[in-house]
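First up is the structure itself, then whatever we jot down about it.
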Amino acid sequence: NAGVMQNPRHLVRRRGQEARLRCSPMKGHSHVYWYRQLPEEGLKFMVYLQKENIIDESGMPKERFSAEFPKEGPSILRIQQVVRGDSAAYFCAGRTNAAETQYFGPGTRLLVL
Amino acid sequence: KNQVEQSPQSLIILEGKNCTLQCNYTVSPFSNLRWYKQDTGRGPVSLTIMTFSENTKSNGRYTATLDADTKQSSLHITASQLSDSASYICVVSAKTGANNLFFGTGTRLTVIP
């Protein structure tokens, strides 16, 4: 997963605050996926974006969660009014137009107190 | 329903021993199958990718097999090392759908000295 950057690596928020998670995929990777992983569980798909467009957001809660991947800059996963159940590791992955292999970032671990 | 199931859920082996991890899937139409290794606190890293026509693929001490008829795959690790301790995730890709990856919950492998 070298090259895919996520920040912050760890984020602590109190209930009701906002969390902003950033993902910079590798150069040339215009497709970005966000996943959530709870302790001892597998990765769960949240949203799939391709530069400036949301392709599939079927795995993302309708309320409080939003994602974007602007023409310039990183992809942002935003969680408003966080609750304890939002505590998890959030991974992003990127890929090119031509290939299916996704390259994962190191993840952001969100802890909601 | 598209599903990926892995077994065992966890496994402990002695350093130097071999082990085999299993993956059964019901994803259709099938495109390819990947095994990822996820170290604790890190993002998943791709080990192998296999298409419908491939039965076996090796990557160093890792050998993956695929039986497309029975929809089963295995990952064999030979001469295990302490650094093999990680979660191994089976990911199956479907040919259709914007988000077409289906993740198993992983096998947690611990190699002890």
Side-chain angles (χ1 to χ4, degrees), chain A residues 1-10 21 23-26 29-50 53-60 67 88-111, chain B residues 1-11 21-25 27 29-52 54 57 59 64 86-110:
Chain A
N1 57 1
V4 181
M5 300 182 66
Q6 288 188 248
N7 64 80
R9 293 293 308 277
H10 300 273
L21 287 60
C23 169
S24 297
M26 295 167 68
H29 288 201
S30 59
H31 300 252
V32 165
Y33 301 76
W34 284 94
Y35 298 90
R36 177 163 62 180
Q37 186 176 37
L38 295 171
E40 306 302 322
E41 293 190 12
L43 289 156
K44 302 291 186 187
F45 166 77
M46 296 183 72
V47 61
Y48 163 34
L49 309 103
Q50 184 181 4
N53 294 307
I54 295 176
I55 308 300
D56 183 350
E57 55 183 348
S58 59
M60 194 163 66
Y90 292 83
F91 292 93
C92 78
R95 68 171 178 89
T96 65
N97 277 328
E100 286 188 24
T101 299
Q102 295 183 18
Y103 294 85
F104 284 81
T108 293
R109 277 141 194 87
L110 172 65
L111 175 62
Chain B
K1 184 178 179 182
N2 292 315
Q3 286 187 316
V4 178
E5 296 184 352
Q6 292 187 243
S7 62
Q9 194 171 31
S10 61
L11 183 62
L21 314 180
Q22 301 290 344
C23 174
N24 297 335
Y25 63 91
V27 177
F30 175 84
S31 177
N32 57 63
L33 184 148
R34 295 176 176 82
W35 283 92
Y36 279 88
K37 178 186 179 186
Q38 184 177 19
D39 291 309
T40 301
R42 308 288 296 275
V45 176
S46 179
L47 292 175
T48 64
I49 177 172
M50 302 181 72
T51 59
F52 187 87
E54 296 175 301
K57 182 165 282 189
N59 178 4
S87 287
Y88 292 84
I89 305 170
C90 176
V91 183
V92 182
S93 175
K95 284 185 179 178
T96 58
N99 168 51
N100 59 355
L101 290 188
F102 298 89
F103 288 76
T105 55
T107 292
R108 176 71 206 174
L109 174 66
T110 303

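Chain identifiers are assigned alphabetically (A, B, ...) following the order of the sequence lines, protein sequences preceding nucleic acid strands; residue numbering begins at 1 within each chain.
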In the structure I gave you, are the side-chain heavy atoms of A:Tyr48 and B:Leu101 within less than 4.5 Å of one another anywhere?
no
If we define contacts as heavy-atom pairs under 4.5 Å, which of B:Arg34, B:Gln6, B:Arg108 has the most with chain A?
B:Arg34
Heavy-atom proximity to chain A below 4.5 Å, by part of B:Asp39:
neither
Check whether B:Ser31 gets within reach of chain A through its side chain, its backbone, both or neither, counting any heavy atom under 4.5 Å.
side chain
Set of residues satisfying side-chain hydrogen bond (donor to acceptor under 3.5 Å, both in side chains) with respect to A:Gln37, sequence neighbours excluded:
B:Gln38
Do other residues, nucleotides or ligands put more than 12 heavy atoms under 6.0 Å from B:Glu5 CD?
no
Test ring pair (Phe, Tyr, Trp, His ring centres under 6.0 Å) applied to B:Tyr25 - qualifying residues, sequence neighbours left out:
B:Phe30
Nearest 0.5 Å, please: how far is CZ in A:Phe104 from OH in B:Tyr36?
5.0 Å
